[in-house]
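Count residues from 1 along the sequence.
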Amino acid sequence: MLPNIFTTTNTTKKGKKETHLRWWVTLLISLGLALGTWNPTGHHFIHYISEQDILSGFTPFAIILMVGVWILALKSIFQSLKIFGAIFVIMIIAAFLWGLNQYGMIEFDNLDQMGWAGTLSVAFIIWVGLNASIIWKSLTGVYATDNVEEE
C-alpha cells in the first residue's frame with residue numbers, strides 16, 4: 001500500500017524493528033505547523049485569527065491548540081538540541097540561504113522569497129528538534145544522558 005521509502009525498516013541492536021515512516025510523519029508535522037502558523041500566501045493561522053473576533057466560535061479553541069502545539073515543538077527543540085544546538089541549526093540554515101543567494105537562486109530583497117525561506121527554515125528547525133534524539137542515537141548508540149553532578 002505505501003511505497004518502500006515509507007515502510008523500509010531497520011533492526012536495532014536489541015532486535016527492535018524501526019520504520020522510516022516516523023521521519024516522514026515528523027516532516028509533515030513540522031511543515032504543517034510552520035506553514036499553518038504563517039506563510040506568504042495569506043492562508044494561515046495568524047490571518048485567520050486577525051480577521052475575526054478572537055472570542056467567537058472556535059477561535060479560542062484554535063488559539064489554545066496552536067499555542068499548545070508550539071509549546072510542545074519548542075520544548076522538543078530545546079530539550080533535544082539545547083540552545084547551542086538550535087543556534088547551530090540556525091547557522092547552518094543561514095549559510096545554506098547565503099549559498100542560494102550567491103548562486104542567484106534566491107534574492108534577499110525579495111520579500112516573498114524570504115518569507116518562504118523563513119517559513120521553511122522554521123519547519124526544518126522543528127523537524128531537526130523532533131528528530132535530534134533519534135539522529136544522536138543512530139550516530140552514537142546512546143539515546144540520552146543525564147547530567148550528574150559529582151560531589
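- Ala123 and Leu31 make their closest contact through CB-CD2, 3.8 Å (heavy atoms, listed as atom of the first residue, atom of the second, distance).
- Asn101 and Ile106 make their closest contact through ND2-O, 3.1 Å (heavy atoms, listed as atom of the first residue, atom of the second, distance).
- Applying the 6.0 Å contact sphere to CH2 of Trp70 captures more than 12 heavy atoms from other residues, nucleotides or ligands.
- The shortest side-chain heavy-atom distance between Ile63 and Phe45 falls under the 4.5 Å cut-off.
- Looking at Ser80, its side chain does come within 3.5 Å of a backbone N or O of Gly129 through a donor-acceptor pair.
- Under a hydrophobic-cluster definition in which Ile, Leu, Val, Met, Phe, Trp and Tyr are linked whenever side-chain heavy atoms come within less than 4.5 Å, directly or via other members, Leu27 and Phe96 are assigned to the same cluster.
- Remark: side-chain polar atoms of Ser30 are paired, donor with acceptor, to backbone N or O of Thr26 under 3.5 angstrom.
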_Audit row: Met66, Leu33, side chain to side chain contact (heavy atoms under 4.5 Å, CB included) steps and yes/no_ = CA-CA 8 Å; Met66 184 63 86; Leu33 183 57; 3.7 Å; yes
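- Glu107 and Gln113 make their closest contact through N-OE1, 2.7 Å (heavy atoms, listed as atom of the first residue, atom of the second, distance).
- The minimum heavy-atom distance between Ile46 and Trp38, with the atom names listed, is CD1-CB, 4.1 Å.
- In this pair, His44 and His47 present their aromatic rings perpendicular. The plane angle is above 60°, beyond the 30 to 60° band.
- With a 6.0 Å radius and a threshold of 12 heavy atoms from other residues, nucleotides or ligands, Leu111 has its CG atom at or below the threshold.
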**Request:** Dump the intermediate steps for side chain to side chain contact (heavy atoms under 4.5 Å, CB included) on Leu81 and Phe88, then the final yes or no.
**Result:** CA-CA 9 Å; Leu81 295 176; Phe88 183 69; over 6 Å; no
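- Residue Leu74 is grouped with residue Ile71 when hydrophobic side chains (ILVMFWY) are merged at heavy-atom distances under 4.5 angstrom, including chains of intermediate members.
- Ile126 is not connected to Leu28 by any chain of hydrophobic side-chain contacts under 4.5 Å among Ile, Leu, Val, Met, Phe, Trp and Tyr, and they are in different clusters.
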Item to complete: Please report the C-alpha distance between Ile90 and Ile125 in whole Å, then the side-chain angles of each, then the deciding distance to 0.1 Å, and finally whether the side chain to side chain contact (heavy atoms under 4.5 Å, CB included) criterion is met.
Response: CA-CA 7 Å; Ile90 291 169; Ile125 292 168; 3.7 Å; yes
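- With hydrophobic clusters built from ILVMFWY side chains whose heavy atoms lie under 4.5 angstrom apart, Met105 shares a cluster with Ile93.
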* Asked: Can you list the steps and then say if Trp116 with Asp112 is a side chain to side chain contact (heavy atoms under 4.5 Å, CB included)?
  -> CA-CA 6 Å; Trp116 280 110; Asp112 191 47; 3.9 Å; yes
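- No chain of hydrophobic side-chain contacts below 4.5 Å, direct or via other Ile, Leu, Val, Met, Phe, Trp or Tyr residues, connects Phe58 to Ile64.
- Within the 3.5 Å criterion, the main-chain N or O of Trp23 finds a donor-acceptor partner in the side chain of Trp127.
- A heavy-atom distance below 4.5 Å is not found between the side chains of Thr59 and Asp53.
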